[in-house]
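Here is the structure we will look at.
So you know, we letter chains A, B, ... as the sequences are listed, proteins then strands, and number each from 1.
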Number of protein chains: 2
Amino acid sequence: MKDREGRGSELKQAIRPIKMSTITDVAEEAGVSRATVSRVLSGSDAPIRPATREKVLAVVAKLGFRPNAVARSLSGKRTFTVGVLVSDIGNPFYAEVIKGVEDAGLPEGYNLFLGNTNFDLDRGTTLIHSLIDRRVDGVIILFSRTSQEWLTTLAGHNIPVTVVDRDPSIPPLESVSINVDFRPGIRAAVEHLVGLGHRRFAHVSGPLDLQTSRRRRDMFMEELAAHGIKPGQIQCEEGDFHIEGGREAARRIFDNNKTWPTAIFAANDLMALGVMGEARARDLRVPQDLSVIGLDDIWPAAHSTPPLTTVAMPRYKIGFQAMSRLMKQLKEAKPGRKTPQEISLATQLVIRESTAPPRR
Amino acid sequence: MKDREGRGSELKQAIRPIKMSTITDVAEEAGVSRATVSRVLSGSDAPIRPATREKVLAVVAKLGFRPNAVARSLSGKRTFTVGVLVSDIGNPFYAEVIKGVEDAGLPEGYNLFLGNTNFDLDRGTTLIHSLIDRRVDGVIILFSRTSQEWLTTLAGHNIPVTVVDRDPSIPPLESVSINVDFRPGIRAAVEHLVGLGHRRFAHVSGPLDLQTSRRRRDMFMEELAAHGIKPGQIQCEEGDFHIEGGREAARRIFDNNKTWPTAIFAANDLMALGVMGEARARDLRVPQDLSVIGLDDIWPAAHSTPPLTTVAMPRYKIGFQAMSRLMKQLKEAKPGRKTPQEISLATQLVIRESTAPPRR
DNA sequence: TCGAAAAATGAAATCGGTTTCAGAGTGGGC
DNA sequence: GCCCACTCTGAAACCGATTTCATTTTTCGA
């Protein structure tokens with residue numbers, strides 16, 4: 001917080017109109033051609049006599065000249081902008097990813113167009129098209145739900161795309177894939193739970209039409225199987241990655257007359273929070289009566305009651321890498337089809353207070 | 001959720017390069033001049049013979065022509081972009097405001113540049129300059145902390161700015177102000193608390209160098225005074241609008257040997273959450289032992305334990321109005337200095353479960 | 001000191017639109 | 001049948017950079 005409420009040094013700064021100078025102004029003032037000014041400023045490889053360079057630089061400083069990014073974008077091929085598509089910035093998970101994206105892009109001069117789809121396919125399509133119209137250099141898609149149509153469109157326009165947590169079962173259309181390796185985190189979660197003595201589990205999954213939901217669920221089951229617990233013994237309920245969906249799934253689990261599970265693993269933190277809410281409503285104490293584990297590690301998870309044990313996603317890193325790789329791709333020689341990049345980031349278990357040994 | 005994991009109709013859609021047609025292509029194909037195409041497309045006031053219009057439109061459809069927004073921005077005066085500056089998108093409050101901004105802008109063809117300052121003044125300055133370079137049509141500043149310098153710079157460049165919750169004690173430099181009227185919400189909160197029987201209060205404020213923090217605090221005290229409770233009886237601790245800051249302020253309040261307050265009003269939800277966290281750590285039950293009221297009504301407030309009673313800000317509306325007014329300002333005849341707009345949005349109390357009668 | 005190669009710079013085209021200004025059709029009033 | 005006023009449309013300038021290509025300077029070896 002080095003910020004401050006600056007008042008422009010007490011003296012009531014008058015708003016004096018700033019005339020935007022163009023490269024032509026600079027050229028005339030410095031007595032050189034626009035081409036020369038351009039070369040000095042945009043680090044061209046053409047050699048410039050030191051005297052000339054200084055002369056130009058002096059005028060630039062004097063006039064406070066800053067090149068018009070729009071004009072630059074038109075003549076150059078690049079706009080130094082990328083579009084970031086998110087289904088809901090309200091979800092802190094995405095917010096943190098975006099921070100990573102921005103931090104990686106800013107130093108390189110990139111600005112972000114933010115697009116919020118609100119889970120609306122048509123809106124997403126609209127956004128994609130406006131991004132194309134604006135000639136963004138690249139697009140980062142952070143959806144849990146992504147339309148393949150967007151990817152083909154983007155690919156057709158030769159716009160590099162980074163997709164996070166993609167469906168590995170279909171061939172990649174994007175140029176950079178950030179895969180999330182849920183294995184280490186989920187394995188640790190299962191070991192943690194089993195170690196605590198749990199034997200009866202339930203899972204609240206994301207929408208099952210999403211590959212990532214199925215992957216998380218299957219991995220959970222596989223790891224449990226390694227400890228002798230059969231998939232058939234695990235009750236799975238489908239959620240929607242939102243709090244309410246998690247809560248409803250929990251309702252279904254508890255309403256089920258069979259013996260209740262002693263531990264529930266939710267496919268994301270929001271749903272885990274929903275599960276805890278429902279547990280509380282039924283006077284089930286977490287973690288004494290029920291252990292809950294989430295996935296994501298959004299900040300509210302650390303401040304819930306009790307603080308949530310969760311499989312942490314490297315949120316910031318995901319964003320940072322997504323942007324870095326995209327820019328790398330962008331920097332590479334334009335010619336032709338670049339080989340798709342693909343990297344994997346690991347998850348890790350964060351143990352807090354929503355897990356404990358089951359009651360006897 | 002009308003979204004779906006579209007696979008582009010099973011047939012493995014090949015990525016066929018899409019050639020971007022230009023207005024010249026359209027003109028040639030339609031046998032008219034570029035000027036005519038432009039007029040047809042960008043709703044110029046020049047009359048076009050129906051036959052010509054249709055001919056052009058047909059070609060546009062056939063070629064799938066979409067005008068290059070960059071070129072359009074360069075020649076026209078407008079870019080149809082606005083910059084949104086936020087100190088932290090991780091805070092759901094800002095996220096929801098942004099949704100409002102986007103929803104208002106999208107139908108009018110505006111896209112958003114998102115800037116996250118992370119409370120860093122220099123970073124903010126960098127962002128402001130890049131936005132100017134990119135010739136955004138306007139800027140929306142959602143800070144609690146805003147540098148006046150930015151505003152003068154923006155004003156100097158004649159870029160309309162919308163400021164939310166500005167400091168009314170200094171003359172406006174921006175063209176649109178969205179004021180938040182805390183009065184109704186805070187009054188209702190005080191009446192609620194007093195009605196429950198509370199007599200000993202504490203307040204966790206935001207950073208006191210911020211006018212908005214002082215305003216919230218003073219209003220709380222004024223309303224209490226109306227019920228016969230003197231400012232001197234109210235313990236105030238300064239926070240930082242973050243969870244941890246709220247928690248620390250609570251620590252100070254509890255560590256204070258005097259009689260504890262039975263109700264605490266925090267200047268925002270994040271700090272209220274921090275207060276509840278600290279209360280829990282000290283085995284103080286909320287609301288039995290301590291009533292807590294926040295301000296903002298971010299979603300985690302509704303899902304905390306217990307759910308937080310709070311003074312709700314019209315978050316979405318703030319964003320929507322901020323953008324709407326800005327666009328209105330943009331639409332108005334360019335000539336000269338437009339009169340600054342100013343609107344006020346009211347707050348309102350949302351009673352949940354963090355408040356109850358004090359123990360006897 | 002001369003000439004050729006290298007270095008530095010400028011003129012002009014280009015990016016893809018919008019807009020001004022002027023010219024070409026059309027139609028109507030007398 | 002003529003002239004003027006509209007109604008449409010096109011040519012060209014312009015927005016503010018970058019970049020190619022050509023030209024002017026320098027630099028240097030012989």
Legend entry - Contacting residues from residues 52-68 of chain A, given that a heavy atom lies under 4.0 angstrom of DNA chain D: Phe65(A), Pro67(A), Asn68(A)
Inset, instruction - Please evaluate the base of dG10(D) for a donor-acceptor partner in the side chain of Arg39(B) within a cut-off of under 3.5 Å? - result: yes
Inset, instruction - For residues 60-80 of chain A, pull every pair meeting ring pair (Phe, Tyr, Trp, His ring centres under 6.0 Å), keeping only residues two or more places apart or in separate chains. - result: Phe80(A)-Tyr110(A)
Legend entry - Neighbours of DNA chain D within residues 19-32 of chain A, by heavy-atom distance under 4.0 Å: Thr22(A), Ile23(A)
Inset, instruction - Identify whether any heavy atom of Ser42(A) sits under 4.0 Å from a base atom; if not, whether one sits that close to sugar-phosphate; answer base, sugar-phosphate or nothing. - result: sugar-phosphate
Inset, instruction - Tell me, yes or no, whether the heavy-atom count around Lys317(B) atom NZ, taken from other residues, nucleotides or ligands under 6.0 Å, exceeds 12. - result: no
Inset, instruction - Would you indicate what Ser38(B) reaches in the nucleic acid, counting non-hydrogen atoms under 4.0 angstrom: base, sugar-phosphate, or nothing? - result: base
Inset, instruction - Determine the contact category for Ile48(A): base if any of its heavy atoms lies under 4.0 Å from a base atom, sugar-phosphate if only primed atoms, P, OP1 or OP2 are that close, otherwise nothing. - result: sugar-phosphate
Legend entry - Pro47(B), nearest nucleotide to its side chain (from dT19(D), dC8(D), dA17(D)): dC8(D)
Legend entry - DNA chain C: 5'-most and 3'-most nucleotides touching chain B, 4.0 angstrom heavy-atom criterion: dG16(C) to dT20(C)
Legend entry - Electrostatic pair Glu108(B):Lys331(B) at N-O distance under 4.0 angstrom: yes
Inset, instruction - Could you pull out all residues at least two apart from Arg123(B) that satisfy salt bridge (Lys or Arg N to Asp or Glu O under 4.0 Å)? - result: Glu102(A), Asp103(A)
Check: protein-nucleotides 26-29 of chain D nitrogen or oxygen pairs below 3.5 Å:
none

